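Since the structure comes first, as C-alpha cells, the remarks are kept for the end.
For this chain, numbers begin at 1 and follow the sequence in order. Everything numeric in this text was worked out from a predicted model, so none of it was measured.
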Amino acid sequence: MEWYVGTEWEDKGRGLTKKVLGFQLGEMEKPTACSIVQFSVNKKCANLGERPSKYLASDESSAYPLQHSLEMGTAVYPVDCYVEILLQQFLPGETAACSILTKNGVRIEFELRLEKIVKNTQVEKLDAAGIYDLALRLKESGVATFKSYPKFAFDYFVRAAKLLITYKPFDKLTKRENGINGSTVEELFIQIQTNLAACLLLEKRYEHVIYHTKFVETAESPSEKSIYRRAVAFYHLKEFAKAQATIERVPNYEEKREFSKLRDNIAVSWKDSNTHYKEVVQRMFS
C-alpha cells in the first residue's frame, strides 16, 4: 500500500484538504455518516485561534497524541463538523495532514490518525427505527448549534428531514412491522420542519417558511412556534389577512407577548397598505 501514501483529497466547496502521511494496513472500509470512531490528534493544531473545538483545542499541558472517541452527527462547533467530514475520508490505520480554509482565508492545519471504527452501520441498511434514531440525533445537534451557528443547524435539519421523508406517508409505519409507530416519526418530522422554518426566517426566505409550515393548516394542535413562524412569514409577504388568521389559531394569543406584538405590527402594516392602495387608486382616476 506504499502507493497510498501521498494520496490527496480535497473538498473545494468546504475548503477541506487531506494528504496521507502514513498507512498501517487494516480494514479497507471508511466511516459512514453514522459511524462511531476512535482517532488521535498527533500534534498541536496550527491557526485554530479562538475558534472552539472539542477535538483540536489544547493548552500547554496537552500531551500528544490526544485520543478521542467521536460519533458522527454530534458536532456542535463548525471546526468539529469539518473534522467529522474529514474522518469519513480515512481508512483505519491511516495518518494524514488535514486543513480547513476559513472564509477569512486562514488555513487551520492539523494531523489526524484514524485508530479504529467502533461501529460502522450503513445508513441504507437501517430500518425505520434506526433512521428515526439517526434523524433525532441530527435534529438535536441542530438545536444545539442553532443559536451560534444557524447555517450548520440548517444543514443538520435538512439531513434529518431527508432521512425521514423516505418513509412518507408515515401512517404506513407500525411498531410491529417497522419497529416504530408512524405517529412518532411524523411528530419528529414536524419538529424538524418547524426548526427549518426558524433557519429560513433568519435568511428571509419567507415563501420557503410557508412551505415548511403548511402542516399548521391541517394539524389539530400545532405548536405555538410553528404557528408564530408561519404568521411572521405571511406578515413579511404582506399577506396580512392570512397572518392574522394564523395567529388566531392560538388560544388567548393576545396575552402572549410575541403574538401580541405581531398582532400590533400586522394591524399597523395592514392599515398603511390599505391607505397606500386608496391613494394609488385616487391618483389613477383624478
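Between Ser61 and Asp59, the side chains place a donor N or O and an acceptor N or O closer than 3.5 Å (distance only, hydrogens not considered). Counted by atom type alone, Thr17 and Ser99 present one or more donor-acceptor pairs between their side chains at under 3.5 Å. Side-chain contact, Arg257 with Ser260: no donor N or O sits under 3.5 Å from an acceptor N or O. Defined by atom type and a distance below 3.5 Å, a donor-acceptor pair is missing between the side-chain atoms of Ser40 and Tyr64.
Linking Ile, Leu, Val, Met, Phe, Trp and Tyr whenever their side-chain heavy atoms come within less than 4.5 Å leaves Ile192 and Leu202 in two separate clusters. One hydrophobic cluster, built from ILVMFWY side chains closer than 4.5 Å, cannot hold both Ile108 and Leu21; they sit in different ones. When the side chains of ILVMFWY residues are joined at heavy-atom separations under 4.5 Å, either directly or via intervening members, Trp270 and Tyr206 end up in a single hydrophobic cluster. Using a 4.5 Å cut-off between side-chain heavy atoms of Ile, Leu, Val, Met, Phe, Trp and Tyr, with links allowed through other members, Leu188 and Ile165 fall into the same hydrophobic cluster. Transitive grouping of hydrophobic side chains (ILVMFWY, heavy atoms separated by less than 4.5 Å) keeps Leu114 and Ile36 in distinct clusters.
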- Go through Glu29 and Leu91 one step at a time and tell me if the side-chain contact (heavy atoms from CB on, under 4.5 Å) criterion holds. CA-CA 6 Å; Glu29 185 177 32; Leu91 290 168; 5.6 Å; no
- Just do the side chain to side chain donor-acceptor pair (under 3.5 Å) check on Lys139 and Gln191 with the steps written out, would you? CA-CA 9 Å; Lys139 177 251 182 183; Gln191 291 174 8; 3.3 Å; yes
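Between the side chain of Glu111 and the backbone N or O of Val41 there is no donor-acceptor pair closer than 3.5 Å. In terms of modelled atom types and a separation under 3.5 Å, the side chain of His68 and the main chain of Tyr55 share a donor-acceptor contact. Without hydrogens or angle criteria, Thr102 side chain to Val106 main chain gives a donor-acceptor distance under 3.5 Å. Judged purely by atom type and a 3.5 angstrom limit, Gln193 has no side-chain atom pairing as donor or acceptor with the backbone of Ile190. Under a 3.5 Å cut-off, the side chain of Asn195 and the backbone N or O of Val143 do not form any donor-acceptor pair.
Of the charged side-chain nitrogens involved, none lies within less than 4.0 Å of a carboxylate oxygen, so that Asp264 and Lys261 do not count as a salt-bridged pair. Residues Glu10 and Lys18 are not paired through a salt bridge, judged by the lack of any N-O separation under 4.0 Å between the basic side chain and the carboxylate.
In this structure, CZ in Phe146 is found 14.5 Å from CZ in Phe152, a value given to the nearest 0.5 Å. Going from atom CD1 of Ile131 over to atom CG of Leu173 covers 11.5 Å, rounded to the nearest 0.5 Å. Once rounded to the nearest 0.5 Å, the distance linking CZ of Arg107 with CD1 of Ile100 reads 10.0 Å. Atom CG of Leu86 sits about 10.0 Å away from atom CZ of Arg14, to the nearest 0.5 Å. Note that CG of Asn47 and CG of Leu101 are 11.0 Å apart. Values are rounded to the nearest 0.5 Å. Rounding to the nearest 0.5 angstrom, the gap separating the CZ atom in Phe170 from the CD1 atom in Ile180 is 10.5 Å.
For the salt bridge (charged side-chain N to carboxylate O under 4.0 Å, His left out) test, residues two or more places apart in sequence or in another chain that qualify with Glu115 are Arg113.
Residue pairs satisfying the side chain to side chain donor-acceptor pair (under 3.5 Å) criterion with at least one member in residues 145-174, sequence neighbours excluded, are absent. Counting only residues at least two apart or in different chains, side chain to side chain donor-acceptor pair (under 3.5 Å) contacts with residues 225-252 comprise Thr213-Arg230, Glu217-Arg230, Ser223-Ser226, Tyr235-Ser269, Glu239-Lys242, Gln244-Glu248, Gln244-Tyr253.
In this structure, the side chains of Leu164 and Val185 come closer than 4.5 Å at one or more pairs of heavy atoms. Between Thr7 and Phe23, the closest side-chain pair of non-hydrogen atoms is not below 4.5 Å.
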